[in-house]
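See structure below.
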Amino acid sequence: MRFMMLMIPLGYESAPAKLELDPERVAAMMRYNQALKDAGVLITLEGLHPPATGARVKFDTGVPVVIDGPFTEAVIGGFWMIEVASRAEAIEWARKCPATANEMIEIRQVQEMADFSEEVQQAAATFEHPQGGWGKALR
């Protein structure tokens, strides 16, 4: 089972576009990342620039509208994609993260085509995903 662990840094919505990172915190996070890798569960990970540098495209009027950041809700600072045997194992990995009191991790299972009806699988089969997600190159 694949899970995305989303890092949600509290207060990140007001972070400046250029961040100054604490080298000790970065080192602790790299040790955690290495533990995920050494355990063979890490698929990929990335950090994201603050919302001040982002943009959103809304479609609620039927016409795409671009809104520049910063944003005050649903702010994500980065993510890990892991492959583990269960939701409980994903939670256990998240509990090991050296996060601070100003951070939380949301864990979301990745949708697999087998989760959907045959009709949905057929509709998605026309797309050949480069990494084996939805489409012809299914896992």
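Just so you know, these numbers use all the heavy atoms, side chains as well, and skip hydrogens, waters and symmetry mates. Owing to the predicted nature of the structure, the values given are computational and were not obtained by experimental measurement.
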List the atom of [X], the atom of [Y], and the distance in Å for their closest heavy-atom pair.
X     : Y     : answer
Val75 : Pro51 : CG1-CG, 3.4 Å
Asn33 : Leu42 : O-CD2, 4.1 Å
Ala17 : Pro50 : O-CD, 3.9 Å
Leu21 : Val26 : CB-CG2, 3.9 Å
Gly77 : Pro9  : N-CD, 3.5 Å

Pairwise distance [atom1]([X]) to [atom2]([Y]) - rounded to 0.5 angstrom:
X      : Y      : atom1 : atom2 : value
Ile107 : Ile91  : CD1   : CD1   : 5.0 Å
Ile105 : Leu6   : CD1   : CG    : 9.0 Å
Met81  : Met5   : CE    : CE    : 10.5 Å
Asp115 : Gln109 : CG    : CD    : 6.5 Å
Leu10  : Thr100 : CG    : OG1   : 8.0 Å

Please tell me if the side chains of [X] and [Y] come closer than 4.5 Å, counting only heavy atoms from C-beta onward.
X     : Y     : result
Trp80 : Met7  : yes
Val41 : Glu83 : no
Cys97 : Met29 : yes

Is the [atom1] atom of [X] crowded by more than 12 outside heavy atoms at less than 6.0 Å?
X      : atom1 : result
Lys96  : NZ    : yes
Glu118 : CD    : yes
Arg108 : CZ    : no

For the backbone of [Y] and the side chain of [X], can you confirm whether one donor and one acceptor N or O come within less than 3.5 Å of each other?
X      : Y      : value
Arg87  : Phe3   : no
Tyr32  : Trp93  : yes
Gln122 : Glu119 : no

Original post:
Ile43 and side chain to side chain contact (heavy atoms under 4.5 Å, CB included): which partner among Lys37, Met4, Arg2?
Top reply: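 Of the listed residues Lys37, Met4, Arg2, the side chain to side chain contact (heavy atoms under 4.5 Å, CB included) partner of Ile43 is Arg2.
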Original post:
If two hydrophobic side chains count as joined below 4.5 Å and joins carry through other members, does Val57 share a cluster with Val63?
Top reply: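 No.
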**OP:** Using the side-chain contact (heavy atoms from CB on, under 4.5 Å) rule, take Phe79 and Thr44 through it: C-alpha gap first, then chi angles, then the decisive distance, then the call.
**Re:** CA-CA 8 Å; Phe79 67 90; Thr44 191; 4.1 Å; yes
